[in-house]
Amino acid sequence: AQALFATLVIALGVLAGLTQLAMPWLQHHPQHVEHWLSARLDRSVRIGHLSGAWVGGGPQLSLDDVEIAAKGAGHPAFKVPHLELVFDLYALFQRNSALTEFRVAGLNLQLVNEAGDWQLRGLDFGPPHAGSAPFSMGALGALEIRDLKLSIDDPARGLHVALAAPVLRLINHGPITRVAGRVRRA
């Protein structure tokens, strides 16, 4: 058991060292990050500027002026002024943490009931089609949304609620996605 633990600690140390060496290279070659994200999101990704730093338990890539193409033709691209891609090596030893997570701030989303069909606006996952798979975070461990504004509209019931969440986390545990956060009326 001690040998396994020692091997794990050494492997994490080597991984951390290699990652720190790769950070300057990634900053000068954002197209590789664009390609990696495009493959995971199954849509084209464009990054205006990329910077990186070692923060806490791993590298943090800061991506500015990010444009994620829509899945359906004729739909606008999803534009994010700033997001962070974080790799946390300590996540193996922490609850409600993930090895990889996106952090995005300032989303303004609307959940609207139109004739019994709920639609999320402001975060495009592409148009639904017959036989489409349900929402999945794929290989992404967590999504952290800061300064979220969410309005819920159900015109048939005369319902309009404005909510705000300082931090909302979606945590991927295989087939289960957990949501953690505090929501208040805006």
Side-chain angles (χ1 to χ4, degrees), residues 33 37-38 40-53 55-72 75-88 90-91 94-114 116-128 132-186:
V33 178
L37 287 173
S38 296
R40 271 135 193 87
L41 297 174
D42 192 27
R43 60 187 77 200
S44 174
V45 175
R46 188 194 61 74
I47 300 169
H49 180 262
L50 181 131
S51 61
V55 178
Q60 173 180 308
L61 298 176
S62 295
L63 302 103
D64 295 310
D65 301 320
V66 178
E67 188 173 298
I68 303 170
K71 268 196 170 177
H75 288 59
F78 180 60
K79 295 181 182 181
V80 182
H82 178 81
L83 69 85
E84 298 167 351
L85 180 58
V86 180
F87 299 91
D88 185 4
Y90 296 141
Q94 298 172 342
R95 187 168 187 234
N96 289 333
S97 292
L99 285 172
T100 60
E101 77 177 49
F102 268 122
R103 294 179 182 162
V104 63
L107 289 183
N108 191 359
L109 305 177
Q110 301 83 36
L111 187 60
V112 180
N113 186 359
E114 294 177 345
D117 186 27
W118 287 94
Q119 300 288 322
L120 181 63
R121 296 185 182 148
L123 190 60
D124 176 37
F125 291 113
S132 65
F135 170 72
S136 169
M137 291 176 54
L140 185 62
L143 172 64
E144 180 176 288
I145 304 170
R146 298 180 194 146
D147 302 321
L148 171 68
K149 292 181 177 76
L150 174 67
S151 65
I152 302 172
D153 294 306
D154 188 351
R157 292 187 175 95
L159 176 69
H160 175 75
V161 179
L163 303 171
V167 177
L168 187 71
R169 290 180 54 82
L170 284 79
I171 305 158
N172 188 8
H173 289 287
I176 299 170
T177 300
R178 297 178 64 197
V179 178
R182 291 187 178 164
V183 179
R184 62 175 167 74
R185 283 188 172 252

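The distance from the CD1 atom of I47 to the CG atom of L83 is 8.0 Å, given to the nearest 0.5 Å. Here the CD atom belonging to E84 is positioned 5.0 Å from the CZ atom belonging to R146, to the nearest 0.5 angstrom. Remark: E101 CD to L170 CG distance equals 11.0 Å, nearest 0.5 Å. Separating the NE2 atom in H160 from the OG atom in S151 is a distance of 5.5 Å, to the nearest 0.5 Å. Rounded to the nearest 0.5 Å, atoms CG (L143) and OG1 (T100) are 10.5 Å apart. R103 contributes atom CZ, which lies 7.5 Å from atom CZ of R169 (distance to the nearest 0.5 angstrom).
Residues L37 and L63 meet the side-chain proximity criterion, which asks for heavy atoms closer than 4.5 Å. Using a 4.5 Å cut-off on side-chain heavy atoms (C-beta onward), F102 and L85 make contact. The closest side-chain heavy-atom distance from D65 to H49 is not below 4.5 Å. No side-chain heavy atom of V55 sits less than 4.5 Å from a side-chain heavy atom of V86.
Between F87 and L61, the closest heavy-atom pair is CE1-CD1, 4.5 Å. For the residue pair R43 and A69, the shortest heavy atom distance occurs at CD-O, 2.9 Å. Minimum heavy-atom separation, N108 to Q110: O-NE2, 3.4 Å.
For the pair S38 (side chain) and V45 (backbone), a donor-acceptor distance under 3.5 Å is present.
Considering V161, N113, L111 as possible partners of D154, the one that fulfils the side-chain contact (heavy atoms from CB on, under 4.5 Å) test is N113.
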